[in-house]
Amino acid sequence: MATTAQPDATELETVEHAFDEAATTLDLSPDVRERLDLPERELIAQVPVRMDDGRVEVFTAYRVQHSNARGPYKGGFRYHPKVDLDGVRALAATMTWKTALTELPFGGAKGGVNVDPKGLSSSERQAVTRGLMGPLECVLGPMKDIMAPDMGSGPPEMAWMMDEWSRLRGYAPAIVTGKPVVLGGTEGRVEATGYGVALITRSIVHELGWDMEGLRVAVQGFGNVGSHAAHSLSRMGCKVVGVSDVNSAYVNDSGLDVGELVRRARSGIIGHEGMDLEEASNDELLTLDCDVLIPAALGMVLHAGNADDVKASLVVEAANSPTTPGADAIFEERGIRVLPDVLANAGGVIVSYLEWIQNTQNVQWSRRQVDDELEERMRSAFEAACFRAHHDGCTLRQAAYRLAVERVVEAVGLRGHP
Ligand code: GLU
């Protein structure tokens, strides 16, 4: 039975732990190590917003730019009540390693505003979004720092950010990615992270000599990433035996009707009347009897307090930092493989890059072009990580970090920074 014990590390400690392991193995000099350990720039802004009822509320927004050694800063912008500086620092560093691992010509950044978006009307979300572009403007730019959707944000927020930037500085669709398609967004961006999770799951399943047909999958989190991952995996033949959202988990040992769950979630239907499923708790979902467990929501959900109870043989990290170092060690000891976040959820930023290319060249690609390019880039990052893991005799997380850190260090060196 799962426990709800406190995680044994914070998100920042988790990301630093992975970086430290790579830095030690690669024998980085103390100055390079310190440089990559700390973000290059951090901005904290207080954003006053006039709410629908006339009151003024002040929200705290963050943008942390971790490294631009390999190209402009790149990373999402989160709307969530748990957003804080340390969490954003962890996510910004993760973006640096993610873009390096997938060989995108970007650095890493992340931002967020401490707000519960579900408690805001559409006009209030628009006011918050426009309000934060004022203080953030000085650190952003299509060749400087490009924002994108993250938890709690999507195409509408990106449209408002792009419009506000255009008002302040002139039309430049490449200022953010993840925009609606009619405003210069790309086909396939909304689905990209979840679809990428499914593609990389299929790659490792084939690598392990398993079969996708009937593979038992549990997905924790049914937001944009989790729902698209579950849907794509069920189309690839997997049996999705459990999913969860913030309220509850829904299980069926013979497989859930994922198409119907997705349809209801997107049309805002609450409840599962008429569906063949049982309710369970979120903790039970994490320890469900399955082959593949996909955490696709917040970080730190798999920790030393529940890792012993996980029954899956493979964990695919659709969320950022869902596994603490304590859980990672337990999984390694138990022979449970982990596909790390920097690899597993890179589909989003890969397609963001494809959107940015289209914007900077003023062209529009087809969905087929986008999906083919995404598949090729995910495959090549996966193969590089597998090769390194095999060569070094290490885990996929260690291999992914070593490759990524090596590439960033090389860029820093070649640029001749002090
Ligand atoms: N927020 C996504 C991530 O964590 C996407 C970032 C982007 O597209 O720039 O990878």
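Just follow the structure's listing: the first ligand is 1, and inside any ligand the first atom is 1.
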Output all residues satisfying ring pair (Phe, Tyr, Trp, His ring centres under 6.0 Å) with Phe59, sequence neighbours left out; order by chain, then residue number. none
Asp86: what forms a side-chain contact (heavy atoms from CB on, under 4.5 Å) with it, not counting sequence neighbours? Leu12, Asp84, Arg89
Scan side-chain atoms only and decide if Asp291 and Ser313 contain a donor-acceptor pair under the 3.5 Å cut-off. no
Under a 4.0 Å heavy-atom cut-off, what residues line ligand 1? Lys74, Gly75, Gly76, Met95, Lys98, Lys110, Ala148, Pro149, Asp150, Arg189, Asn320, Gly348, Val349, Ser352
Could you list all the salt bridge (Lys or Arg N to Asp or Glu O under 4.0 Å) pairs where at least one residue sits in residues 110-130, not counting sequence neighbours? Lys110-Asp150, Arg125-Glu157, Arg130-Asp163, Arg130-Glu164
Under a 4.0 Å threshold between the charged nitrogen and the carboxylate oxygen, would Glu373 count as salt-bridged to Arg377? yes
Under a plain distance cut-off of 3.5 Å, with no hydrogens placed, do Ser227 and Arg266 share a side-chain donor-acceptor pair? yes
